[in-house]
Amino acid sequence: MIDRDHCLALDAGDPLRAFRDEFVLPEGVVYLVGNSLGALPRHAAERVRRAVQDEWGGQLVGGWNQAGWYGQPLTVGDRLAPLIGAGPGQVVVGNTTSIAIYQAVAAALRLRPERRVIVSDVQNFPTDHYMVQGLAGLLGGYEIRDFAAGRFDDAAVVLLSEVDYRTGARHDVPSITARVQEAGALMVWDLCHSVGAMEVDVSEADFALGCTYKYLNAGPGAPAFLYVNPRHHATAENVLSGWHGHAEPFAFEPDYRPAEGIRRFAVGTPHVLSFAALEAALDVWERVPMDQVRAKSMALTSLFVELVGDALELVSPADPAARGSQVSLRHADGYPIMRALIDRGVHGDFRAPDVLRFGFAPLYIRYADVYDAAVTLREVLDRELWRDEKYAQRLAVT
Ligand SMILES: *Cc1c(COP(=O)(O)O)cnc(C)c1O
């Protein structure tokens, strides 16, 4: 049986071990929620302070030029691009994932005007599906079909997450992209639960998007990213035709005229202070070997699955290659169990109706953390510590 010393030895031999020191993590906490809100990069506070005091305080409106605020959606997009297998001039950063979904799906529909079916995964994170419903409602005349139906031959667009937020199951990006495109539809990938957790390659996709506050550690409210394949740059339209996507925003022309290239997918004024934290996170990512991240991620999730054993039903795929960097477990009393765990320093989260989620961010989670989390979970279950009534009451954010 695996013991804690074995895990400590794994940590000592971990090629990524030094990265943990680059993050602020509270004492006594095993933080397995990096798939929801990534930890704070240690130097982000100083980077944000500079943006506030030196740039905003010192340069005032001059910061748009001097500090490069105006260009951030594209300059930061270029920094982020290698993490998703994209090149320079292919990624724009800003807004939220929900908005990027709307832009991508709407643009895809306009590229396939003769088709009237949107394929979306009803199991996907709700906002993805909600945004599709809102768009279809606005346009009228569209059918929304569940991805599970497996039929794309009359679809305009398919929207899918690479890694399912609830189960952690991972879709095969190259084969699904090829199938969708062979059927004449366009492929939009949501990378919220894969970027920063594994090597991602969207170079064949038509559109891709995701958030930066999960595995990428850019902080609460950090801007999202949108990738548009260069083959669509000249023809894809941004239905959110804000002034930052205009060919000449400062010409203040009466009519919208889209910018060339990826910049046409910008909308409005960038969230400058949030960009500062994202830039700090990317300072770390630029030094990270992603193949090692994926190798460690698979080792961490496998270790957790093994240590938990049959104490709880495994919702995630048993094969580590078929899942993301999370392990989901099922129990009818999942909510109080998670509350009892958090009370003992092991932070996961709960997704209704009965799923306990544990995310393993390879840059700062150690093998010994996995051991401690599994032992604590078994103790909460064996001693039924979760039955304490203080764990039954639901908090607003689970
Ligand atoms: C986290 C997540 C989102 C978040 O959307 P926001 O607009 O940034 O709140 C969307 N989709 C998926 C699949 C997610 O995992």
Side-chain angles (χ1 to χ4, degrees), residues 32-39 73 76-77 80 83-84 91-106 118-135 144 146-148 157-171 173 176 187-198 200 202 205 207-227 239-240 265 267-268 270-271 274-275 277-278 281 297 315-316 323-328 348-352 355 357-361 396-398:
L32 303 181
V33 206
N35 55 330
S36 179
L37 179 69
V76 177
L80 194 144
L83 290 167
I84 60 169
V91 178
V92 62
V93 178
N95 310 306
T96 63
T97 307
S98 303
I99 287 174
I101 290 165
Y102 201 83
Q103 292 179 284
V105 174
I118 305 172
V119 175
S120 171
D121 176 12
V122 294
Q123 304 293 332
N124 206 339
F125 190 86
T127 206
D128 295 53
H129 204 56
Y130 296 164
M131 294 309 285
V132 165
Q133 288 172 337
L135 179 61
I144 302 173
D146 187 19
F147 176 76
V157 58
V158 176
L159 167 66
L160 191 62
S161 282
E162 178 169 17
V163 174
D164 184 279
Y165 81 106
R166 194 186 271 125
T167 65
R170 181 188 183 194
H171 286 295
V173 168
I176 293 175
M187 186 71 221
V188 181
W189 282 107
D190 183 325
L191 307 171
C192 281
H193 285 274
S194 42
V195 64
M198 60 186 68
V200 174
V202 293
F207 300 86
L209 45 90
C211 56
T212 61
Y213 52 77
K214 291 174 180 163
Y215 291 102
L216 291 186
N217 314 308
F225 62 86
L226 172 62
Y227 160 85
V239 294
L240 303 182
F265 281 90
V267 181
H271 300 82
S274 291
F275 269 97
L278 173 54
S297 160
V315 175
S316 302
R323 63 180 179 240
S325 203
Q326 82 181 55
V327 173
S328 300
D349 65 11
F350 173 77
R351 286 294 172 261
V355 171
R357 285 198 316 178
F358 300 90
F360 298 85
V397 174
T398 63

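Every number for a ligand or one of its atoms is a count from 1 in the order of the listing. Everything quoted here is computed from the prediction, not taken from an experiment. Numbers for residues simply follow the sequence, beginning at 1.
Looking at Ser161 and Asp164, their side chains never bring a donor and an acceptor atom within 3.5 Å of each other. A side-chain donor from one of Ser98 and Thr127 sits under 3.5 Å from a side-chain acceptor of the other.
Residue-level contacts of ligand 1 at the 4.0 Å heavy-atom threshold are Thr96, Thr97, Ser98, Asn124, Phe125, Thr127, Asp128, Ser161, Asp190, Cys192, His193, Tyr213, Lys214.
The side chain to side chain contact (heavy atoms under 4.5 Å, CB included) test applied to Ser297 returns Arg294, Ser325, Pro362, not counting sequence neighbours.
Between Phe147 and His171, the ring center distance clears the sub-6.0 Å criterion.
In terms of modelled atom types and a separation under 3.5 Å, the side chain of Thr212 and the main chain of Pro223 share a donor-acceptor contact. Between the side chain of Asp128 and the main chain of Pro126, no donor-acceptor pair closer than 3.5 Å is present.
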